[in-house]
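These numbers come from a predicted model, not from an experiment.
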Amino acid sequence: MTHRFRRDFKKSEAENKMTKPRLQQRLKEHVELLCKQLLVFVWQIKKCLNANSECPGGDQLSSVQFHPSAQIVMTAGLDHSVSLFQVDGKSNPKIQTIHLENYPVNKASFSADGEHIVATGMRNKLFYIYDMMEGKVIPVSSVRGLNEQRVSDFQVSPDGKYLLLSGSSGYLHLMTTKTREVIRSMKMNGSVCAAAFTSDSSKIFANSQEGEVFIWDVQSSKCLKKFADDGCIRGTSLALSRDGLYLACGSQSGVVNIYSQKDCLHTLEPRPLKAVMNLVTAATSLCFNSTSEILAIGSRADDEANRLVHLPSFTVFSNFPQFQRKTIFRTRCLDISPQSGFYTVANNKGHALLFRLLHYTDF
C-alpha cells in the first residue's frame, strides 16, 4: 500500500499491507463514493411552464402540493382561492378553481387519500373541507374539544385518521377526521413552530420557536423525548423523510440541521449528521422526496433562496438555482411530486414554478 498508485486508498498510516480482496473492496467503496458525488453534479433540472400559468394567484401563494396519486397540483393563496391543475410540464391545463369568500387561505393540503382538500385561514378557527368527488365545499365552524381562537396551521397524518392542529401557547391538538373532534392535546415549552407525523403515523415530531425538538407518541400523547436542535436560537421549520431515515430542522439563521431519526429517538443528545449552511436567511420551507435522495429547502425572506440537497452525500446541487435572471423570487412553499419527476415552488408573486428533475422518469 506504500506504492504511489495505492497510497491514496489508505485510511491510516498503519495500512502498509493489504490483501487483494480487501484492496478490491476498498477500490469498490472509492468508486461508489465518486459515483455519488458525480450523480449530484450531472442531475439535470429543466424549467417548465409555471404549474398555474393558466390561472396565476392574484396575491402571494401560501400553499402548493402535488396530489398523492393523480398527476395534479394544487395551489392556494391570499386571493381567497384554491386551484387544481393537470401537470404535463407543457400546458398544465387548469381543472378548476374554488373561491372561498372573504377567506385568505393560510394553508391548504390534500387528505391522505387525495379525495379532499383541507384549507385553513388566518383570522379564526373556521376551516373548509372540499370534497373533490362531490364538488362540495364543507365549512367547519367549530371542533368539539378545541379551545383556540385561531387555527391556521395543521398536518395530515399519513394513515388519514388525524389532523394535527397547531394552537397557541405551545399546544398541538389531535383531531379525528372521522368525527372532527379533538381527542388529545399535547403541550410543548414555548411556541409551536412546525410539526410532522412519522410515515406510520405512530409518532409526532415538532419543534418550538425556542429551538427544542419534541417527540410524542400518538396513541398515548406521551412525550417520548425532547432535545435541543444543535446551535438553533430560533426554530422555523421541520420535515421528516418518509422512509424514517432523516429529520430536518430549519432555523432563523438559515442553517438546516439533518439528523438520523433513529438517533433522535435513542440518543440522549443527538448530533446532526450534517448542518447545511447554504442559506443566509430563515429556512422556512423543507421537503424530502419520496426516496430520501433530495431535501428541498427555501426561505421566504430573500429572492432565489432555494436549494436542493443530495442525500446521503449531503451535497448541495451546484446547478440550482442557476438562471440568467431572477426566477424563483420569495419561496412561500415547495413540494416534490410522488415519484420525484417534478419540483414546484410557490412564490410571493402568485406563481407556482415548475421544474422537471430529469434524473427521474415518472411523475
Side-chain angles (χ1 to χ4, degrees), residues 62-63 65 67-68 74 76-78 80-82 98-209 213-224 226 238 240 333:
S62 57
S63 295
Q65 187 186 14
H67 191 276
M74 177 261 300
L78 303 187
H80 311 177
S81 70
V82 177
I98 305 104
H99 290 282
L100 302 173
E101 190 173 348
N102 196 30
Y103 194 82
V105 179
N106 184 71
K107 181 173 181 177
S109 180
F110 287 111
S111 59
D113 59 10
E115 294 183 3
H116 299 85
I117 295 172
V118 181
T120 54
M122 307 179 75
R123 302 178 186 136
N124 50 42
K125 59 184 178 182
L126 167 71
F127 63 92
Y128 288 95
I129 296 174
Y130 176 65
D131 188 321
M132 294 176 67
M133 299 299 154
E134 296 186 9
K136 184 179 177 183
V137 177
I138 306 162
V140 180
S141 57
S142 64
V143 173
R144 190 190 306 168
L146 180 64
N147 297 313
E148 295 284 349
Q149 293 297 314
R150 185 179 68 173
V151 173
S152 57
D153 194 20
F154 66 95
Q155 301 296 325
V156 178
S157 67
D159 63 6
K161 293 180 180 178
Y162 306 108
L163 282 186
L164 184 69
L165 310 175
S166 296
S168 58
S169 305
Y171 276 100
L172 288 163
H173 306 284
L174 199 63
M175 185 195 95
T176 64
T177 53
K178 189 174 183 179
T179 62
R180 294 178 195 155
E181 63 180 330
V182 169
I183 55 168
R184 285 185 284 280
S185 294
M186 296 147 277
K187 189 181 188 307
M188 64 167 65
N189 302 328
S191 303
V192 177
C193 170
F197 286 92
T198 54
S199 56
D200 62 0
S201 302
S202 68
K203 297 177 187 68
I204 293 165
F205 281 66
N207 62 346
S208 68
Q209 291 182 2
V213 179
F214 295 77
I215 306 172
W216 279 283
D217 177 72
V218 169
Q219 288 304 314
S220 66
S221 295
K222 180 183 177 183
C223 184
L224 303 174
K226 78 168 183 173
L238 178 145
L240 292 172
C333 186

Trainee: At their closest point, which heavy atom of Ala108 faces which heavy atom of Ala76, and how far apart are they?
Mentor: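 It is CB-CB, 3.7 Å.
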
Trainee: Take atom CZ of Arg184 as the centre, draw a 6.0 Å sphere, and report whether it contains more than 12 heavy atoms from other residues, nucleotides or ligands.
Mentor: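 Yes - once you tally the heavy atoms of other residues, nucleotides and ligands closer than 6.0 Å, there are more than 12.
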
Trainee: Indicate yes or no: does Lys222 engage Asp217 in a salt bridge with an N to O separation below 4.0 Å.
Mentor: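 Asp217 and Lys222: not salt-bridged.
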
Trainee: Taking the side chain as everything from C-beta on, heavy atoms only, tell me whether Leu146 gets closer than 4.5 Å to Met175.
Mentor: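 A side-chain contact is absent here, since even the closest heavy-atom pair is not under 4.5 Å.
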
Trainee: Rounded at 0.5 Å granularity, tell me how far CD1 in Ile129 sits from OG in Ser111.
Mentor: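 Here the rounded value is 9.0 Å.
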
Trainee: Looking at every non-hydrogen atom in both residues, tell me the closest pair between Ala112 and Pro68 and how far apart they are.
Mentor: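 Heavy atoms of Ala112 and Pro68 come nearest at O-CG, 3.9 Å.
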
Trainee: Between OG of Ser142 and NZ of Lys125, what distance do you get to the nearest 0.5 Å?
Mentor: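 Answer rounded to 0.5 Å: 7.0 Å.
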
Trainee: Would you give the length of the straight line joining atom CD1 of Ile183 to atom NZ of Lys178, rounded to the nearest 0.5 angstrom?
Mentor: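 Going from the CD1 atom of Ile183 to the NZ atom of Lys178 covers 12.0 Å.
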
Trainee: Under 4.5 Å between any side-chain heavy atoms of Lys161 and Thr176, yes or no?
Mentor: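 A side-chain contact is absent here, since even the closest heavy-atom pair is not under 4.5 Å.
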
Trainee: Measure from the side-chain N and O atoms of Asp159 to the backbone N and O of Ser201, and report whether any donor-acceptor pair falls under 3.5 Å.
Mentor: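 It does not hold such a pair.
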
Trainee: To the nearest 0.5 Å, tell me how far Phe110 CZ sits from Asp113 CG.
Mentor: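 Between atom CZ of Phe110 and atom CG of Asp113 there are 11.0 Å.
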
Trainee: Less than 4.5 Å apart, side chain to side chain, heavy atoms only: is that true for Ile204 and Gln155?
Mentor: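 No. Closest side-chain heavy atoms not under 4.5 Å.
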
Trainee: Working to the nearest 0.5 Å, report the span between CZ of Arg144 and OG1 of Thr179.
Mentor: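 Here the interatomic distance stands at 7.0 Å.
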
Trainee: Under a 4.5 Å cut-off applied to non-hydrogen side-chain atoms, are Arg123 and Asn102 in contact?
Mentor: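 Of all side-chain heavy-atom pairs linking Asn102 with Arg123, at least one is under 4.5 Å.
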
Trainee: Can you list the steps and then say if Thr198 with Phe205 is a side-chain contact (heavy atoms from CB on, under 4.5 Å)?
Mentor: CA-CA 7 Å; Thr198 54; Phe205 281 66; 3.6 Å; yes

Trainee: Are the side chain of Asn207 and the backbone N or O of Val213 linked by a donor-acceptor pair below 3.5 Å?
Mentor: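 No; zero donor-acceptor contacts below 3.5 Å.
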
Trainee: Measure the spacing between OG of Ser208 and CZ of Phe214 and express it to the nearest 0.5 Å.
Mentor: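 With rounding to 0.5 Å, OG (Ser208) is 5.5 Å from CZ (Phe214).
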
Trainee: Ignoring hydrogens, what is the shortest heavy-atom contact between Asn106 and Ser63? Give both atom names and the distance.
Mentor: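 Shortest heavy-atom contact: O-OG, 4.1 Å.
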
Trainee: Return the minimal non-hydrogen interatomic distance between Ser81 and His99, and the atom names on each side.
Mentor: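 It is CB-ND1, 3.9 Å.
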
Trainee: Taking side-chain contact (heavy atoms from CB on, under 4.5 Å) as the criterion, tell me which of Lys203, Lys226, Met186 meets it with Trp216.
Mentor: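 Only match with Trp216 under side-chain contact (heavy atoms from CB on, under 4.5 Å): Met186.
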
Trainee: List, one per line, each side-chain donor-acceptor pair under 3.5 Å for residues 164-173, sequence neighbours excluded.
Mentor:
{"unit_1": "Ser168", "atom_1": "OG", "unit_2": "Glu148", "atom_2": "OE1", "d": "2.9"}
{"unit_1": "His173", "atom_1": "ND1", "unit_2": "Ser185", "atom_2": "OG", "d": "2.7"}
{"unit_1": "His173", "atom_1": "NE2", "unit_2": "Glu148", "atom_2": "OE2", "d": "2.8"}

Trainee: Using the test salt bridge (Lys or Arg N to Asp or Glu O under 4.0 Å), find all partners of Lys187 that sit at least two apart in sequence or belong to another chain.
Mentor: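 Salt bridge (Lys or Arg N to Asp or Glu O under 4.0 Å) check on Lys187 returns nothing, list empty.
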
Trainee: Is there a side-chain contact between Leu126 and Pro139 in this structure, where contact means two heavy atoms from C-beta onward sitting under 4.5 Å apart?
Mentor: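 Side chain of Leu126 against side chain of Pro139, heavy atoms only: contact under 4.5 Å found.
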
Trainee: For Val151 and Thr120, which heavy atoms make the closest approach, and how far apart are they?
Mentor: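 It is O-CB, 3.7 Å.
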
Trainee: More than 12 non-hydrogen atoms from neighbouring residues, nucleotides or ligands closer than 6.0 Å to CG on Asn147, yes or no?
Mentor: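 Counting neighbours around CG of Asn147, 12 or fewer heavy atoms of other residues, nucleotides or ligands fall under 6.0 Å, so no.
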
Trainee: Is Met122 close to Leu78 at the side-chain level, that is, under 4.5 Å between some pair of heavy atoms?
Mentor: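 Yes, side chains in contact.
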
Trainee: Show every ring-ring contact (aromatic ring centres under 6.0 Å, His included) that has at least one partner inside residues 112-144, sequence neighbours left out.
Mentor: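 Qualifying pairs: Tyr103-Tyr128.
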
Trainee: Compare every heavy atom of Ala195 with every heavy atom of Leu238, then report the nearest pair and how far apart it is.
Mentor: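 Closest heavy-atom pair between Leu238 and Ala195: CD2-C, 4.1 Å.
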
